J.: 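My questions all concern the structure below.
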Amino acid sequence: MSFTKNQSSTNCNSLPSLLRRFRLKEVLSEDTGSKTIWLLGIISNIHEKDACSDSSGANSDNNTELIPGENAAVVTLERLAFISHDINRAKSTLLDSAKLATSETNDIYSWATGTFDESIFQPDVRIAVIYPATQKHIDKHRRQERMWINETPEQYFKITQPFIESQPQSRIQWVYNILSKQVESERIVFEDADPENGFIILPDLKWDVSNPDS
């Protein structure tokens, strides 16, 4: 994976640096419907020599122990939706650029797998990183059985609300960072500054901020 000059950084906690130093340990889960996969791995210690270099990840020890809350990282890879603007812009060369890996035909139906020229759909993937990832982050993204629960108001006040209030502030520090405008202030869509009932609206992080249909 390559990065443009303005994406690169000597900061060891920058996203390009984290991705270069990521070493896969396990595929936590995947969702074919949303075309998303969650990966668990380790990120080399930023205090190690040359830890921020491009080659540090390749030379790291595959046997390094994964420690939640320290060197563990959860990476989300999500295929982005097609954007009609890209297709209209490249309509004269769109299908000509396809490199087919497999193809089949049955009567009037034909289908194939392949890739388009990278200049047509760019970017085509969304990458998110949680680092350092705690055990709760890992458990949240690991494949697991799911069930529907009809929660009554009584159950909420007796079980759910006490659980929410028992969580340490550090788990929702990202919310306070937004409210104090330390981060993401440029993404604010609307703000009500009322001291009691005020709120801030930002785009969901799962949205690519360009395709309204995604």
Side-chain angles (χ1 to χ4, degrees), residues 13-15 17-19 21-43 45-46 64-81 123 125-214:
N13 284 324
S14 68
L15 183 58
S17 175
L18 295 178
L19 294 178
R21 291 151 50 209
F22 180 81
R23 303 293 288 173
L24 179 65
K25 288 290 188 180
E26 178 188 348
V27 175
L28 291 173
S29 62
E30 55 191 292
D31 184 341
T32 56
S34 64
K35 298 179 176 60
T36 305
I37 191 167
W38 291 269
L39 311 176
L40 174 64
I42 64 171
I43 289 180
N45 192 323
I46 63 174
T64 300
E65 179 185 2
L66 185 146
I67 306 175
E70 293 189 22
N71 65 356
V74 172
V75 174
T76 303
L77 302 179
E78 177 188 2
R79 288 283 188 182
L80 296 180
V125 66
R126 177 182 176 276
I127 305 170
V129 178
I130 300 175
Y131 171 75
T134 65
Q135 189 61 52
K136 288 189 176 182
H137 291 125
I138 296 171
D139 293 340
K140 175 182 177 180
H141 293 92
R142 193 186 299 278
R143 185 180 291 106
Q144 54 191 290
E145 272 191 50
R146 300 184 184 275
M147 62 182 68
W148 286 100
I149 296 178
N150 293 320
E151 183 181 59
T152 65
E154 292 77 13
Q155 290 172 325
Y156 174 81
F157 288 116
K158 289 185 62 177
I159 302 172
T160 306
Q161 187 177 45
F163 173 77
I164 294 174
E165 294 175 346
S166 69
Q167 300 306 300
Q169 180 176 324
S170 59
R171 288 203 63 195
I172 55 171
Q173 183 59 46
W174 62 275
V175 176
Y176 291 100
N177 291 343
I178 291 174
L179 294 176
S180 62
K181 299 182 182 178
Q182 295 182 41
V183 297
E184 300 191 61
S185 58
E186 71 284 355
R187 286 166 47 86
I188 294 176
V189 176
F190 178 81
E191 178 179 4
D192 183 331
D194 185 277
E196 291 187 11
N197 301 310
F199 58 91
I200 290 177
I201 298 178
L202 280 80
D204 192 307
L205 287 176
K206 300 181 182 67
W207 184 39
D208 62 8
V209 201
S210 60
N211 185 2
D213 295 323
S214 65

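Quantities reported herein were computed from a predicted structural model and do not represent experimental measurements. Throughout, residue positions are numbered sequentially from 1 according to the sequence presented.
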J.: When you measure from the side chain of Gln144 to the backbone of Asp139, do you find a donor-acceptor pair of N or O atoms at a distance under 3.5 Å?
T.: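 Indeed, once roles are kept as given, a pair shorter than 3.5 Å links the two residues.
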
J.: Please report the closest heavy-atom contact between Ile37 and Glu30, naming both atoms and the distance.
T.: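 Distance-wise, the nearest heavy atoms are CG1-CB, 3.9 Å.
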
J.: Could you tell me if the side chain of Ile172 sits less than 4.5 Å from the side chain of Gln167, heavy atoms only?
T.: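 SC-SC contact between Gln167 and Ile172 ruled out.
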
J.: Considering only heavy atoms from C-beta outward, does the side chain of His141 approach that of Leu40 to under 4.5 Å?
T.: no

J.: Heavy atoms only: give me the nearest Glu26-Leu24 pair and the separation to one decimal.
T.: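 Minimum heavy-atom contact is O-CD1, 3.5 Å.
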
J.: Determine whether Thr64 and Arg23 make a side-chain contact, defined as any pair of heavy atoms from C-beta on separated by less than 4.5 Å.
T.: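 The answer is no, as the side chains (C-beta and beyond) never meet within the 4.5 Å cut-off.
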
J.: Going from CD on Gln155 to CG on Asn150, what distance comes out if it is rounded to the nearest 0.5 angstrom?
T.: 9.0 Å

J.: From Ile164 CD1 over to Thr160 OG1, what is the distance, rounded to the nearest 0.5 angstrom?
T.: 6.5 Å

J.: To the nearest 0.5 Å, how far apart are NZ in Lys181 and CD1 in Ile188?
T.: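 Rounded to the nearest 0.5 Å, the NZ-CD1 separation comes out at 5.0 Å.
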
J.: Do the non-hydrogen side-chain atoms of Leu77 and Ile127 ever get within less than 4.5 Å of each other?
T.: yes

J.: Got Val75 and Tyr131 here, is their nearest side-chain heavy-atom distance under 4.5 Å?
T.: no

J.: Counting only heavy atoms not in Arg79, do more than 12 fall under 6.0 Å of its CZ?
T.: no

J.: Which heavy atom of Ala73 sits nearest a heavy atom of Ala133, and at what distance?
T.: CA-CB, 4.0 Å

J.: Can you find a pair of side-chain heavy atoms, one from Phe22 and one from Val129, that are under 4.5 Å apart?
T.: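 SC-SC contact between Phe22 and Val129 ruled out.
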
J.: Please tell me if the side chains of Ile43 and Asn71 come closer than 4.5 Å, counting only heavy atoms from C-beta onward.
T.: no

J.: Determine the minimum heavy-atom distance between Ile138 and Pro68, stating which atoms define it.
T.: CD1-CG, 4.1 Å

J.: Any chance you could measure Lys136, atom NZ, to Ile130, atom CD1, to the nearest 0.5 Å?
T.: 14.0 Å

J.: Among Ile200, Leu202, Ile178, Ile201, which residue satisfies the side-chain contact (heavy atoms from CB on, under 4.5 Å) criterion with Arg187?
T.: Leu202

J.: What distance do His137 atom NE2 and Gln135 atom CD have between them, rounded to the nearest 0.5 Å?
T.: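 Rounded to the nearest 0.5 Å, the NE2-CD separation comes to 11.0 Å.
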
J.: Side chains of Asn197 and Asp192: closer than 4.5 Å at any heavy-atom pair?
T.: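 They are not in contact (no side-chain heavy atoms under 4.5 Å apart), so the answer is no.
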
J.: Rounded to the nearest 0.5 Å, how far apart are CZ of Arg126 and CG of Leu80?
T.: 8.5 Å

J.: Minimum heavy-atom separation for Trp38 to Thr76, with atom names?
T.: CD1-OG1, 3.1 Å

